[in-house]
S.K.: 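Let me give you the structure first, and then I'll get to my questions.
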Amino acid sequence: VSHGGEAPSLTDLAARIAGIVGLQHVLDGTRQAAYATDAGESRGLRAAPDLVVRPGSADEVAATMAACHERGVAVVPRGGGTGLVGGSLAFGGGVVIDVGRLNRVLEVNPAAWRMTVGAGLTTTHLQRIARENGLYFPPDPGAAENSQIGGNVATDAGGPHAFKYGTTGSWVTGLEMVIPPGRVVAIGGANRKDVTGYDLVSLMVGSEGTLGIITECTVRLIPAPRARAAMTAVFPTSEAGCEALLAVVGSGLVPSAIDFLDRGSLAAAHGGFPAGLDEDAGFMLIVEVDGDEAEVDASVPVLEEVLGSATQCDRFRTVRDQRELWRWRDTVTGAVRALRGGKLSADVSVPAEHFQDALAASAAVAGEHGLDFCAWGHAGDANLHSTFVFDPGAEGALARAATAADHLLVRISAMGGSIAAEHGVGWAKSGRLSLQLGEEALRLHRGVKELFDPDGLLNPGKKS
Ligand SMILES: Cc1cc2nc3c(=O)[nH]c(=O)nc-3n(C[C@H](O)[C@H](O)[C@H](O)COP(=O)(O)OP(=O)(O)OC[C@H]3O[C@@H](n4cnc5c(N)ncnc54)[C@H](O)[C@@H]3O)c2cc1C
């Protein structure tokens, strides 16, 4: 577990930490097994931690970090473990700090549209409390039942409704966190406006556990929209679908979500589609509108007109209860994995005008590496999950998929796109920041890390 200096005794460290958090919250061999992977396992990312600790308070997180720091041992923060890029895995060993016990609801203030919760509260739980108070927390990443708000902040998680409402970072006003070598710090707060000092809250958003361990989050909420309606429109080709996408965006309406699935992902997931779907559907747009009843009533016919008159729209369908549709949409990742047993997704985004180019580049790269390919994602944000599908038992298949994904990042950055749109850099894309960040930007990036974590013991090797 040593990262510099003499190798400390793991037993000694475990005993010290047990004294801080209680012996039952230091996990042993079998209980540690789940922490060797996250949801990016199909990329071949695995790393067994030396120790897993589940502290019960920010002070316990701080004392645990301090104990590790004194011994030169790395610390890796972990939320729900739904990350897709190995961000919460302890490559090179170290102590994983699982914040799942920090899941208390500390304040709900419906009148002020705000709540403060422990970082370990699951995303679904937070959404439900908001709903029970007539309010709405819009970020809706796909693994919400298991992901945690601290993890969502750390990855700036998006999801379909980021198109209208922005990613998690748009909703965070205050954080409590533990920074190296083991200090508790509060930044931001309940103020909706605040330019005192640099915007440290935004700096923590998307920092992927490399600057501090988030222990508490204050988020703002909005009154829940009273009505929603969703349309699905099917096109023979992605070109036709992309044309319709431009028409929707140009219609003057602001949909709450615009998602897409291409031919390959529809072929994988069509069986579960709530309304039946042709096996050879080429491209689907899912467009949702929300607001009060009158607003939704007025938007639906406009969208039906735009989609219905789009060239080559094979068919479209409007549903007033869109929950079943989104539940189906959440099954796509699993359905694609089930095709061949292995999949590797590159989560990228591009300026809107390059969306079709990015799809074409993804398919071209797959072809060059002899891989099956499909894509889905958040079309309104031009955010694609370009996915290479393979049989994990086939020799060299995973390595080919990894190379293909890396080549795609090069093409995406050449379009002015982002190599890490909403799933993070983690371990999987570390070393590739220079594709997108210039020399000076990289210098600032590294300087920030150095300021927060001069000894490099917090989630080493990630987002670097
Ligand atoms: C089926 C599926 C669908 C998904 N859909 C989406 C989607 O639509 N949009 C999207 O953005 N993502 C999506 N994801 C990815 C994932 O759910 C998000 O990245 C999520 O925000 C991770 O949260 P987590 O609590 O599971 O974090 P983890 O996986 O535990 O950790 C992720 C990163 O955050 C850090 N971290 C976690 N908690 C803390 C903390 N308290 N303090 C500091 N750092 C911390 C970790 O060190 C790691 O670097 C999906 C994943 C799956 C499996």
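When a ligand or atom number is given, it counts from 1 through the structure's own listing order. Just so it is clear, the values below take in all heavy atoms, side chains as well, and ignore hydrogens, waters and symmetry mates.
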S.K.: Purely on distance, is any nitrogen or oxygen of P141 under 3.5 Å from one on ligand 1?
M.R.: no
S.K.: Under 3.5 Å, is there a donor-acceptor pair between the side chain of E422 and the main chain of G159?
M.R.: yes
S.K.: If hydrogens are left out, which of S147, G150, A119, A90 has an atom nearest to atom 39 (C) of ligand 1, that is, the closest non-hydrogen atom?
M.R.: G150
S.K.: Under 4.0 Å from a heavy atom of G212: which atoms of ligand 1 are those, numbered in the order shown and with their elements?
M.R.: 43 (C)
S.K.: Any N or O on E208 sitting closer than 3.5 Å to an N or O of ligand 1?
M.R.: yes
S.K.: Tell me, which protein residue and heavy-atom name are nearest atom 31 (O) of ligand 1, and how many Å apart are they?
M.R.: S88 CB, 3.9 Å
S.K.: Among all protein heavy atoms in this structure, tell me which lies nearest to atom 28 (P) of ligand 1, with the distance rounded to 0.1 Å.
M.R.: G81 N, 3.5 Å
S.K.: Please verify whether a non-hydrogen atom of G159 lies at under 4.0 Å from ligand 1.
M.R.: yes
S.K.: Any idea which protein heavy atom is nearest atom 50 (C) of ligand 1, and the distance to it?
M.R.: L84 CD1, 3.8 Å
S.K.: Between R104 and E216, does any NZ, NE, NH1 or NH2 come within less than 4.0 Å of an OD or OE carboxylate oxygen?
M.R.: no
S.K.: Among all protein heavy atoms, pick the one closest to atom 11 (O) of ligand 1 and tell me residue, atom and distance.
M.R.: G158 N, 2.8 Å
S.K.: Please identify which atoms of ligand 1 are closer than 4.0 Å to at least one heavy atom of H378.
M.R.: 8 (O)
S.K.: Does one side chain, of D262 or S265, offer a donor that lies under 3.5 Å from an acceptor on the other?
M.R.: yes
S.K.: Give yes or no for whether the N/O distance cutoff of 3.5 Å, strictly under, is met between G80 and ligand 1.
M.R.: yes
S.K.: Is a side-chain N or O of S147 found less than 3.5 angstrom from the main chain of T82, in a donor-acceptor match?
M.R.: no
S.K.: What atoms in ligand 1 come closer than 4.0 Å to a heavy atom of A157?
M.R.: 11 (O), 21 (O)
S.K.: Give the atom numbers and elements of ligand 1 that come within less than 4.0 Å of a heavy atom of G83.
M.R.: 26 (O), 29 (O)
S.K.: Compute the shortest N/O to N/O distance between V76 and ligand 1 and return yes if it is under 3.5 Å, no if not.
M.R.: no
S.K.: Pick one of side chain, backbone, both or neither for how D38 approaches ligand 1, counting any non-hydrogen atom pair under 4.0 Å.
M.R.: neither
S.K.: In the protein, which heavy atom is nearest to atom 44 (N) of ligand 1, and how far is it?
M.R.: G209 CA, 3.3 Å
S.K.: Quick one: side-chain hydrogen bond (donor to acceptor under 3.5 Å, both in side chains) partners of R337, sequence neighbours excluded?
M.R.: none
S.K.: A side-chain contact here means heavy atoms from C-beta on lying under 4.5 Å apart; do D455 and P180 qualify?
M.R.: no
S.K.: Which atoms of ligand 1 sit under 4.0 Å from any heavy atom of G142?
M.R.: 3 (C), 4 (C), 5 (N), 6 (C), 7 (C), 8 (O)
S.K.: So, regarding N146 and ligand 1 (criterion: nitrogen or oxygen to nitrogen or oxygen, under 3.5 Å), is there a contact or not?
M.R.: no
S.K.: So is A144 close enough to ligand 1, meaning a heavy atom under 4.0 angstrom away?
M.R.: no
S.K.: Within the structure, does G79 bring an N/O atom to less than 3.5 angstrom of an N/O atom in ligand 1?
M.R.: yes
S.K.: Among all protein heavy atoms, pick out the one at the shortest distance from atom 2 (C) of ligand 1; state its residue, atom name and that distance to 0.1 Å.
M.R.: A143 CB, 3.8 Å
S.K.: Under 3.5 Å, is there a donor-acceptor pair between the side chain of D259 and the main chain of V287?
M.R.: no
S.K.: Dump the intermediate steps for salt bridge (charged side-chain N to carboxylate O under 4.0 Å, His left out) on E208 and K463, then the final yes or no.
M.R.: CA-CA 7 Å; E208 300 184 54; K463 208 177 179 77; 2.8 Å; yes
S.K.: Heavy atom under 4.0 Å from ligand 1: found in T210's side chain, backbone, both, or neither?
M.R.: neither
S.K.: Sequence neighbours left out, what passes side-chain hydrogen bond (donor to acceptor under 3.5 Å, both in side chains) with D156? Give chain and number order.
M.R.: T167
S.K.: Does atom CZ (R128) have a neighbourhood of more than 12 heavy atoms from anything else shown, all under 6.0 Å?
M.R.: yes
S.K.: Could you tell me whether the side chain of Q436 and the main chain of I419 form a donor-acceptor pair under 3.5 Å?
M.R.: yes
S.K.: With heavy atoms under 4.0 Å as the rule, classify the contact between A39 and ligand 1 as side chain, backbone, both or neither.
M.R.: side chain
S.K.: Do side-chain atoms of D290 reach the backbone of P225 as a donor and acceptor pair under 3.5 angstrom?
M.R.: no
S.K.: Please identify which of these residues, P77, P55, C68, P49, meets the side chain to side chain contact (heavy atoms under 4.5 Å, CB included) condition with I97.
M.R.: P55
S.K.: Have a look at V75, T331, L175, T155 and point out the one with the heavy atom closest to atom 19 (O) of ligand 1.
M.R.: T155
S.K.: Taking atom CZ of R54 as the centre, report whether more than 12 heavy atoms of other residues, nucleotides or ligands fall under 6.0 Å from it.
M.R.: yes
S.K.: If we only count N/O pairs under 3.5 Å, is R78 in contact with ligand 1?
M.R.: no
S.K.: So for G424, does at least one of its heavy atoms come nearer than 4.0 angstrom to any atom of ligand 1?
M.R.: no
S.K.: Examine the proximity of ligand 1 to P77 and report which part, side chain or backbone, both or neither, has a heavy atom under 4.0 Å away.
M.R.: both
S.K.: May I ask you to identify, for H423, whether its side chain, its backbone, both or neither come under 4.0 Å of ligand 1 on a heavy-atom basis?
M.R.: side chain
S.K.: Rounded at 0.5 Å granularity, tell me how far NZ in K164 sits from CG in L253.
M.R.: 10.0 Å
S.K.: Taking it one step at a time, do D98 and R78 satisfy salt bridge (charged side-chain N to carboxylate O under 4.0 Å, His left out)?
M.R.: CA-CA 5 Å; D98 171 345; R78 171 124 174 166; 5.9 Å; no
S.K.: Would you mind running through ligand 1 and noting each atom that sits below 4.0 Å from a heavy atom of A154?
M.R.: 34 (O), 35 (C), 36 (N), 44 (N), 45 (C)
S.K.: Could you find the nearest protein heavy atom to atom 17 (O) of ligand 1 and give me its residue, atom name and distance?
M.R.: T82 OG1, 2.7 Å
S.K.: Main chain of T210, side chain of K462: is a donor-acceptor contact present, judged purely on distance under 3.5 Å?
M.R.: no
S.K.: Under 4.0 Å, heavy atoms only, figure out whether ligand 1 is touched by the backbone of N152, its side chain, both or neither.
M.R.: both
S.K.: Where the side chain of R114 meets the backbone of N191, is there a donor-acceptor pair that is under 3.5 Å apart?
M.R.: no
S.K.: Under 4.0 Å from a heavy atom of N459: give me the atoms of ligand 1 that qualify, with their elements.
M.R.: 47 (O), 49 (O)
S.K.: Are any side-chain N or O atoms of R411 and backbone N or O atoms of H407, one a donor and one an acceptor, separated by less than 3.5 Å?
M.R.: no
S.K.: Around atom 41 (N) of ligand 1, find the nearest protein heavy atom and jot down its residue, atom name and distance.
M.R.: I214 O, 3.0 Å
S.K.: Short N/O distance, under 3.5 Å, between Q148 and ligand 1?
M.R.: yes
S.K.: Is there a donor in the side chain of E145 and an acceptor in the side chain of T124, or the other way round, less than 3.5 Å apart?
M.R.: no
S.K.: Which atoms of ligand 1 have any heavy atom of V99 under 4.0 Å away?
M.R.: 41 (N)
